[in-house]
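Each remark here refers to the structure printed beneath this line.
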Amino acid sequence: MTATEHQTTITVTPCTNAVGAEIGGIDVAVGIDDAQMAVLRQALADHGVIFLRDQRLTPDQHEAFAEKWGPINVNRFFTPVPGHPRIAEVRKEPDQSVNIGGGWHTDHSYDAIPAMGSLLYARELPVVGGDTLFAGMHAAYEALSDGLKATLRGLRAEHSSRHVFGDVGYGDATNGRIGNAEAATQDAAHPVVIEHPKSGRPCLYVNGAFTLRFVGWTDAESKPLLDHLYQHAGRPEFTHRFRWEEGSMAIWDNRAVQHYALNDYQGQRRLMHRITIEGEALAAA
Ligand code: SIN
């Protein structure tokens, strides 16, 4: 029996006008055929992040599904799932105060060829809390004035991993659960407004975690405009807040969205499995 025969029609239900869609009619464990993958790819291109609920996946099944999206990027900083080096644990224990991803960010913007995105699968959740926010960077760009759009289209920005994953950053703050500070050597420059490789849409591509400054500008010159863009990009009308259930999966595209893992469940455990997919070089819009 084929995957299609097992499953009903896929539904794609937008979460907001700016970002996100809930997918129905998919059981990843049964298998996803090429026609279904085409629907999922289009939904991701259209909405920036897609959500699947009620999935029951082994790590092997998670990896097999991830491979359908592209080559897997092995994370340099997160603890791997035992026996599965290609799956990163996104874990917060009850005694930890710092979570992973607790601020608006774009994964891997510090890489010369940034990862496409991730498939994040919920294994253990707090009773309440631990939601993830997503913000649509095409909608954020479109809402800017024509004057600022024109200015930004001529700019590139520098991004780095050093201040987050290096000695001075995140590695220490999470009690060694994220380590490998010596691997935090990545710096990259990208257009401030990218042409999304799949949708062709212009997307704002600076983020408060990894962007340092505009190329050719000083830190002092860059900061006011970057701060304005971060504040703008996080405006509620560009966002969706996803409430996880065990078995939920979010698949997001880093070129189209930023995300923010809320840290509002102190004293409880949250365990997610994340597989990241390689991307491509980014071009200016
Ligand atoms: C991340 O930033 O990749 C983690 C997101 C989350 O845990 O919700």
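We count ligands from 1, going down the list as the structure has it; atoms in each ligand are counted the same way.
- Residues L44 and M116 form a side-chain contact, since some pair of their non-hydrogen atoms from C-beta on lies under 4.5 Å apart.
- When non-hydrogen atoms are compared, ligand 1 lies under 4.0 Å from the side chain of W252 (C-beta onward) but not from its backbone.
- In this structure, the protein non-hydrogen atom closest to atom 3 (O) of ligand 1 is R274 NH1, 2.7 Å.
- The neighbour count for D219 CG, taken as heavy atoms of other residues, nucleotides or ligands under 6.0 Å away, is above 12.
- Close approach of ligand 1 to A261 (heavy-atom distance below 4.0 Å) involves ligand atoms 5 (C), 6 (C), 7 (O), 8 (O).
- Contact annotation: for N99 versus ligand 1, there are no heavy atoms closer than 4.0 Å.
- Salt bridge annotation for R123-E89: absent, with no cationic side-chain nitrogen under 4.0 angstrom from a carboxylate oxygen.
- In this structure, the side chain of Q258 does not engage the main chain of L133 through any donor-acceptor pair within 3.5 Å.
- Between R269 and R91, some side-chain heavy-atom pair lies under the 4.5 Å cut-off.
- With respect to atom 1 (C) of ligand 1, the closest heavy atom belonging to the protein is H259 NE2, 3.5 Å.
- Close approach to V90 involves these atoms of ligand 1, each under 4.0 Å from a residue heavy atom: 4 (C), 7 (O).
- Using a 4.5 Å heavy-atom threshold, the side chains of Q55 and D27 count as touching.
- Contact atoms of ligand 1 toward G101: 2 (O) (distance under 4.0 Å to a heavy atom of the residue).
- Taking all heavy atoms of N75, L120, N263 into account, the minimum distance to atom 5 (C) of ligand 1 is reached by L120.
- In this structure, atom 7 (O) of ligand 1 lies nearest to the protein heavy atom R270 NH1, 2.7 Å.
- In terms of protein heavy-atom proximity, atom 8 (O) of ligand 1 is nearest to T132 OG1, 2.5 Å.
- None of I100, T276, I87 except one satisfies the side chain to side chain contact (heavy atoms under 4.5 Å, CB included) rule with F78; the exception is I100.
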